Protein chains: 2
Amino acid sequence: MEGMRLLPMAGEAPAERSDAARNREALLAAAAELIALGCVEHVTMDAVAQRAGVGKGTVFRRFESREGLMAALLDRSESAWQGRILSGPPPLGPGAPPRERLHAFGHSRLEVTLLHADLIRAAGHAGARAYAAVSFTAMHVRYLLGELGVHGDLGYLATALLAPLEVPILEQQVHLEHRSLEQLRTGWDDLVSRVVGC
Amino acid sequence: MEGMRLLPMAGEAPAERSDAARNREALLAAAAELIALGCVEHVTMDAVAQRAGVGKGTVFRRFESREGLMAALLDRSESAWQGRILSGPPPLGPGAPPRERLHAFGHSRLEVTLLHADLIRAAGHAGARAYAAVSFTAMHVRYLLGELGVHGDLGYLATALLAPLEVPILEQQVHLEHRSLEQLRTGWDDLVSRVVGC
DNA sequence: AAGAAAAGCGGACCACGGTCCGTTTGGCTC
DNA sequence: GAGCCAAACGGACCGTGGTCCGCTTTTCTT
């Protein structure tokens, strides 16, 4: 049994070396600190590398790009939020009727998106990361629409419902058209009502 | 009548010097050429300046930024398109019933957005430019919704309807979810039906 | 424990967007 | 036409994201 590889498990994750893992944590921490004591724009790759006490190349090897670093940062709160949906208390989590869950979902997504707007924008379309997030929300909305007995192309309807919750649209509505959070919530509720049917 | 300013007309546009105007045209032409014989990403500010035979500083003085240059490029086809809506033949232009116009609007917007996706992405949120475009489409959809007798926050509904026609969402649907143009058109029609009411 | 291969590391280097400031030029007035 | 000045010009310069490659460290094997 000597030649047996313990972790790699077929051809999946080749496992990370200890120094690499240590640096990954140090870099994420450094980036988070830099955000905390300034804006996201101040998070420059050189600054992160210097603060973490590593070379610049290391940052890129760990996170591919600046967008990748931002996406990794985002990933933490995003997973927590997904957890609240999959197994948290109602009406966000399971247990409430689908209609209520859909309304709660929109309100929550609205808030979390506005809260992390800068980070999300800086993360851009970082590889499969962004798609994973989009895909989770789309799948959930699709599921709720199904529960509600909606007919039609549920995949398209889910995407269409989610589109007004994306950063550019929300920023436009808040900053250019001066809509309040309350108005956005009402708008979502109205939109949901129209889409699922009277 | 000697001291009278002919063009400035109050405090509006201070008029452009002849060499400035010449350079603006040369730069736009150079940029268009560079796009034509390569992708949008190859349009670098140095390259545009060199091809137009001017200094780099001139490019930035005329267009503020790379995004500004892209927005200026986009502005041409965008105005033509707006013209087709305001005074072109039905069902896109006036003359057709509002419902048909709304469907035609979505289909047309879909195509033009996908066609110029790269340019639109490169233009980003270039100052008031982007908002002007967004604002035109929003106003038009809002107007059509009004004609259709829809009740509620028409401004919000217009934005929500338009959101799935924005570049990031369309690219996601086309490239990640492999939806055809036909499916997108059908999706738009269905969405419109649900929003304006059965 | 020793040795070797692979994974990681670091920082010099490059390209591009954007700024600055000394110089030139177009378009006035006289 | 001469002269003036605001506007426009050009290109050296800077910061940042991203790459590359020779050196170091970890980890696995025997």
Side-chain angles (χ1 to χ4, degrees), chain A residues 1-8 11 13-27 30-31 34 38-73 121-127, chain B residues 1-8 11 13-27 30-31 34 38-73 121-127:
Chain A
M1 285 229 179
E2 27 184 42
M4 177 184 178
R5 298 237 156 264
L6 286 182
L7 270 187
E16 203 167 49
R17 234 168 69 173
S18 67
D19 52 346
R22 202 179 334 116
N23 282 339
R24 146 168 281 125
E25 286 312 308
L27 286 167
L34 283 174
C39 51
V40 173
E41 286 73 39
H42 287 164
V43 181
T44 160
M45 298 304 260
D46 296 84
V48 172
Q50 188 175 0
R51 189 173 190 98
V54 304
K56 192 178 173 181
T58 302
V59 193
F60 282 91
R61 192 168 330 93
R62 279 288 88 76
F63 300 102
E64 288 271 298
S65 65
R66 190 182 127 100
E67 295 193 348
L69 173 59
M70 299 306 188
L73 236 22
R121 210 181 314 110
H125 20 290
Chain B
M1 282 237 182
E2 26 182 47
M4 180 185 176
R5 297 237 156 264
L6 286 181
L7 270 187
E16 204 167 47
R17 234 168 67 170
S18 66
D19 51 348
R22 203 180 333 120
N23 282 339
R24 147 168 281 125
E25 287 312 308
L27 286 167
L34 283 174
C39 54
V40 172
E41 287 72 39
H42 287 165
V43 181
T44 163
M45 297 306 258
D46 296 83
V48 172
Q50 188 175 356
R51 188 174 189 95
V54 304
K56 191 176 173 180
T58 302
V59 193
F60 282 91
R61 194 168 327 95
R62 279 289 87 78
F63 300 102
E64 288 270 299
S65 65
R66 190 182 128 100
E67 295 194 347
L69 173 59
M70 299 306 189
L73 236 23
R121 210 182 314 107
H125 18 290

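Only a predicted model underlies this, so the values are computations on that prediction, with no experimental measurement involved.
Between atom CE of residue Met45(A) and atom NZ of residue Lys56(A) there is a gap of 8.5 Å, rounded to the nearest 0.5 Å. Atom CZ of Arg24(B) sits about 10.0 Å away from atom CG of Leu69(B), to the nearest 0.5 Å.
At least one donor-acceptor pair under 3.5 Å links the side chain of Arg66(A) to the backbone N or O of Val43(A).
Put simply, CE on Met70(A) is 10 Å from P on dG18(D), counting in whole angstrom units. Across the protein-nucleic acid pair, Leu69(A) atom CG and dT16(D) atom P stand 15 Å apart, rounded to whole Å. Atom CD of Gln50(A) and atom C1' of dT16(D) are 14 Å apart (whole Å). Atom P of nucleotide dG8(C) and atom CZ of Arg24(A) are separated by 10 Å, given to the nearest angstrom. Computed from coordinates, the Glu67(A) CD to dG17(D) P distance equals 11 Å when rounded to whole Å. Whole-Å rounding puts the His42(B) NE2 to dG17(C) C1' distance at 17 Å. Computed from coordinates, the Arg22(B) CZ to dG26(C) C1' distance equals 10 Å when rounded to whole Å. The CD-P distance, from Glu41(B) to dG18(D), rounds to 14 Å in whole Å.
Taking both residues in full, the closest heavy atoms of Ala20(A) and Arg62(A) are given as CB-NH1, 3.1 Å, listed atom of the first, atom of the second, then distance. Minimum heavy-atom separation, Ala71(B) to Ala123(B): N-CB, 3.9 Å.
Between Val40(A) and Met70(A), the closest side-chain pair of non-hydrogen atoms falls below 4.5 Å.
In the displayed structure, Glu16(B) atom CD is contacted under 6.0 Å by more than 12 heavy atoms of other residues, nucleotides or ligands.
At dA15(C), none of the side-chain N or O atoms of Thr44(B) fall inside 4.0 Å of OP1 or OP2 (strictly under the cut-off). Ser65(B) has no side-chain polar atom (N or O) that falls below the 4.0 Å cut-off from OP1 or OP2 of dG17(C).
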Give every pair of a protein N or O atom and an N or O atom of nucleotides 9-13 of chain D that lie under 3.5 Å apart, one pair per line with the distance.
from    : atom 1 : to       : atom 2 : distance (Å)
dC9(D)  : OP1    : Asp19(B) : O      : 3.3
dC9(D)  : OP1    : Asn23(B) : ND2    : 2.2
dC9(D)  : OP2    : Arg61(B) : NH1    : 3.3
dC9(D)  : OP2    : Arg62(B) : NH1    : 2.9
dG10(D) : OP2    : Gly55(B) : N      : 2.8
dG10(D) : OP2    : Thr58(B) : OG1    : 3.1
dG11(D) : O6     : Gly57(B) : N      : 3.4

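The side chain of Phe60(B) has dT19(C) as its nearest neighbour among dT27(D), dT19(C), dG27(C).
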